[in-house]
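Keep in mind that this is a model prediction, so the values were computed, not measured. No hydrogens, no waters, no symmetry mates; every other heavy atom, side chains included, goes into these values. Just follow the structure's listing: the first ligand is 1, and inside any ligand the first atom is 1.
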Amino acid sequence: MSTVITLERSNGIAVVTLNRPDKLNALNAEVLDALDDAFTSLASDADVRTVVITGAGPKAFAAGADISELHEQDAPSGKRFAERGQRVFNLIERLGKPVIAAVNGFALGGGCELAMACHMRFASTTARFGQPEINLGIIPGYGGTQRLPRLVGMAKAYELVLSGDMIDATQAHRLGLVNRLYAPEELVAQSVAFAEALAAKAPLALYACLEAVQAAGDVSGLEGLYMEASIFGRTCGTADFKEGTQAFLEKRTASWSGR
Ligand code: COA
């Protein structure tokens, strides 16, 4: 495997680490290819139930798309450049398993967009977020203009995308961009502990939760409710549902079979 990311699996979870610390984990084509390969393999790995993604080094989660590669783009290739990043980030969002971004430093441009494609963001108190593309004469291209407003609302999204200003972890937490804040030395351990707790839950129900909540971002309210009822019905047909309710009635811990 390429060294620009590392992938470790244990206790039902995988930890993916962006590994170009000397370039603040900037996302070049090699990193996107490696993420594509890693998440494609994680999607079909039944032993992995949840994923944590973080950045190597003390400074950055990811400082964005690699500006030296970006500089070479023209209008047609720029569209393909954005679509490539969007495909990889959509794969992460649609993995069918919870993905937690453990944001350990700068999450700028594509780095912020990668974090937003994850289902939750836990951040160190030293993290900083921003969409600085305006300062390069472009706009966010890896999903930022679409995912940021859904997370923080239109007004704050306009402010961040138009100004290119960075916000600190506390501000990001207040806006709802970040779920939880941790001291830098605790971030990965706490993210892994949370991922392990999710990995112990009923696998089909975890998948169903992701599918139903994702529908809220994709379809109208009425369609979403229809989907919710259908997915709810599907989970009622699982052996895990019978086991979970039976275990409650018998005052014991449920044992999930994933069926
Ligand atoms: N693409 C390519 N290289 C990047 C990069 C990026 N997005 N972000 C940082 N780097 C590289 C720097 O060029 C530098 O490499 P060098 O040591 O070979 O010169 C190295 O990472 C360290 O970055 P540096 O700028 O020296 O660190 P800093 O602490 O002074 O500043 C930032 C940190 C994040 C404020 C600054 O690196 C920055 O603004 N990066 C670009 C952010 C951005 O615009 N992202 C959106 C891209 S679409």
Does ligand 1 have an atom that lies less than 4.0 angstrom from a heavy atom of D22?
yes
Relative to the heavy atoms of L108, which atoms of ligand 1 are at a distance of less than 4.0 Å?
34 (C), 42 (C)
Is the closest heavy atom of Q131 to ligand 1 under 4.0 Å?
no
Are T40 and D37 close enough that a side-chain donor and a side-chain acceptor fall under 3.5 Å?
no
P132 heavy atoms within 4.0 Å reach ligand 1 at atoms 43 (C), 44 (O), 45 (N), 46 (C)
Short N-O contact, E83 and R87, less than 4.0 angstrom:
no
Atom indices of ligand 1 within 4.0 angstrom of K59 heavy atoms, with elements
27 (O), 28 (P), 29 (O)
In the complex you have, is atom 31 (O) of ligand 1 within reach of the protein, judged by whether a heavy-atom distance drops under 4.0 Å?
no
Between H119 and E93: side-chain donor-acceptor atoms closer than 3.5 Å:
no
Ranked by distance from atom 5 (C) of ligand 1, the top protein heavy atom is A26 CB, 4.0 Å
When only distance counts, is A65 in polar contact with ligand 1, meaning an N/O pair under 3.5 Å?
yes
Is at least one protein non-hydrogen atom found at under 4.0 angstrom from atom 26 (O) of ligand 1?
no
Under a 3.5 Å threshold, yes or no: a donor from one side chain and an acceptor from the other, between S77 and Q73?
yes
Side chain to side chain contact (heavy atoms under 4.5 Å, CB included) involving A247 - partner list, sequence neighbours excluded:
E243, R252, A254
Run the side-chain hydrogen bond (donor to acceptor under 3.5 Å, both in side chains) test against E133 and tell me which residues pass, sequence neighbours left out.
Q131
Considering only non-hydrogen protein atoms, determine which one is nearest to atom 22 (C) of ligand 1 and report residue, atom name and distance to 0.1 Å.
L24 CG, 3.8 Å
Quick one: CZ on R80 to CD on Q86, what's the gap to the nearest 0.5 Å?
14.5 Å
Which pair of heavy atoms, one from S163 and one from E159, lies closest together, and at what distance?
OG-O, 2.7 Å
Which heavy atom of the protein is the closest neighbour of atom 35 (C) of ligand 1, given with residue, atom name and distance?
M166 CE, 4.0 Å
Side-chain donor-acceptor pair under 3.5 Å between S68 and D66, yes or no?
yes
The closest protein heavy-atom partner of atom 13 (O) of ligand 1 is K23 NZ, 4.7 Å
For atom 2 (C) of ligand 1, what is the closest protein heavy atom, and at what distance to 0.1 Å?
I67 N, 3.4 Å
Please determine if R94 and D218 form a salt bridge, counting it only when a charged side-chain N lies under 4.0 Å from a carboxylate O.
yes
Are any non-hydrogen protein atoms located under 4.0 Å from atom 38 (C) of ligand 1?
no
Would you call R128 and D165 a salt bridge, using N to O less than 4.0 angstrom?
no
Using a strict 4.0 Å cut-off to heavy atoms of L70, name the atoms of ligand 1 that fall inside it.
48 (S)
I'd like to know whether ligand 1 has G110 as a neighbour, heavy-atom separation below 4.0 Å.
no
Distance from atom 8 (N) of ligand 1 to nearest protein heavy atom, with residue and atom
A63 CB, 3.5 Å
Using a distance threshold of 4.0 Å (strictly less than), state whether atom 16 (P) of ligand 1 has a protein heavy-atom neighbour.
yes
